[in-house]
Protein chains: 2
Amino acid sequence: MPSTKESIIHLADEFIRSRGYTAFSYADISKPLGIKNAAVHYHYPSKSDLAVALVEWHIDHFERFKEKNESKSPADQIKTFLNFYHSIHLSGKVCLIGAFSTDWNSINEDTQGLLRTFTNLVIDWLSEVLQKGLDTGAFNFANAPRAEALRVLTNIFAAAQLSRITDSQDFILVKESIIRELTK
Amino acid sequence: MPSTKESIIHLADEFIRSRGYTAFSYADISKPLGIKNAAVHYHYPSKSDLAVALVEWHIDHFERFKEKNESKSPADQIKTFLNFYHSIHLSGKVCLIGAFSTDWNSINEDTQGLLRTFTNLVIDWLSEVLQKGLDTGAFNFANAPRAEALRVLTNIFAAAQLSRITDSQDFILVKESIIRELTK
DNA sequence: ATGAATACTTATTTATAAGTAAGGTACTTA
DNA sequence: TAAGTACCTTACTTATAAATAAGTATTCAT
């Protein structure tokens, strides 16, 4: 059973990634938990403390994701990564990077700094996996690894955003074309 | 000299694309114009009326963009489109699609519907230009036109978002790799 | 000259947001 | 057993948001 503190983070994640950082309040969190908003302030005194804790949670989560998948082939690692975004798409949300990138001017410097760390962690991991796939002949691309990583990342996170609007097969079109292009 | 009504739209565009829809208020708009917030309500009774008007403005603007560039070659049309996003990147903002896609659950149905129209307008235009470039031999890609259009669009709008976070050459890396891939 | 439309202001309402001070309860450790 | 400490509630403050009702000034057509 998750602690109140964990439940708060979980709900904050839900709201930030479905409505945006400025669009949710402590009342949105306290109500479903059956507590008062002052209790949320007890665990996270300010909204930016909550934002910081959320990014930290995602950093931890991503580190575990890396470890869990490090023995897989580059192709399978990329597929697992894209499947993670597929589940985001199915939930109707966007990813943390997508959410906070548009909320950039509404978050404080600490959150911005941690988000930069997190984003570079993802880009660096993608670069490494793509490079490895290039070395083993599993992938085929002409870009520098970081450029290719950026293209994959921007494609997939923006696909999750765009497909909220067009409400179509667009996410799947993008996802499949990423795999096709990398392995062609 | 722009009318008050035009200035309001312009400021709303600034705020929505730099901070997000939920993060700005009528006071943010009325103050720099030297008017009262009730005057903003006079022109746009509710915030969603303002959102609808803004999307309509972007639709008009995009139609004019299409007309102005229709005589150009496919390669130049794509470059002009990417340069438009480059100016968004330099201004530190994101595009309308990027902004409203993360604010999706905070905007009303009318705005959602118009935004869907606008987004498909952009995707359809990109598809056509890409197809024409394929026919004339200027471009080279294996995807269906819509899939290729989606990849270009998601790459460039997410690059504008991502480069707010990483604060680096990442936007330019993505932009140049799009052109390189299309014309290789 | 007048009445209507346009473009506002003044003044207010209602609701919600973020945050805090002070207190209560229960469990825990010296 | 007394003092912490963790985890809350009650009750409040301060600020801001969206929206509206009613009034004012200016222009413009008849």
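Throughout, protein chains are lettered first and strands after them, A, B, ... in sequence-line order, and every chain is numbered starting at 1.
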Which of parallel (below 30°), tilted (30 to 60°) and perpendicular (above 60°) describes His41(A) and Tyr26(A)? tilted
Phosphate OP1/OP2 of dT6(C): any His43(B) side-chain N/O under 4.0 Å = no
Atom CD of Glu6(B) and atom C1' of dA7(C) are separated, to the nearest Å, by 15 Å
Cation-pi check, Lys47(B) to Phe24(B): give yes when NZ or CZ is under 6.0 Å from the six-membered ring centre and within 45° of the ring axis, no otherwise.
-> yes
Footprint ends on DNA chain D, 5' to 3', for atoms under 4.0 angstrom from a heavy atom of chain B, come out as dA17(D) to dT20(D)
Note: for Asn37(B) and Thr4(B) on DNA chain C, the residue whose nearest nucleotide lies more 5' is Thr4(B)
side-chain contact (heavy atoms from CB on, under 4.5 Å) test vs Leu150(B) passes for just one of Leu162(A), Thr166(A), Asn155(A), namely Leu162(A)
Original post:
Salt bridge between Asp28(A) and Arg19(A), side-chain N to carboxylate O under 4.0 Å?
Top reply: yes
Specify whether His61(A) and His58(A) have parallel, tilted or perpendicular ring planes, treating 30° as the upper limit for parallel and 60° as the lower limit for perpendicular.
-> perpendicular
Under a 4.0 Å heavy-atom cutoff, the residues of residues 99-112 of chain B touching DNA chain D are none
Geometric cation-pi criterion, Lys79(B) with Phe84(B): 6.0 Å, 45°
no
Pick base, sugar-phosphate or nothing for Phe24(A), based on heavy-atom distances below 4.0 Å to the nucleic acid. sugar-phosphate
So Lys47(A), base contact, sugar-phosphate only, or nothing? Heavy-atom distance under 4.0 Å.
sugar-phosphate
Would you call the rings of Trp125(B) and Phe65(B) parallel, tilted or perpendicular, where under 30° means parallel and over 60° means perpendicular? perpendicular
Are the side chain of Asp49(B) and the backbone N or O of Ser46(B) linked by a donor-acceptor pair below 3.5 Å?
-> yes
Rounded to whole Å, NZ of Lys36(A) lies from C1' of dG23(C) at a distance of 16 Å
Exercise. Scan Tyr26(A) against the nucleic acid and name what it touches under 4.0 Å (heavy atoms): base, sugar-phosphate only, or nothing.
Key: sugar-phosphate
Within 45° cone and under 6.0 Å: Lys36(B) NZ/CZ vs Tyr42(B) ring: no
From OH of Tyr42(A) across to P of dG23(C) the rounded distance in Å is 18 Å
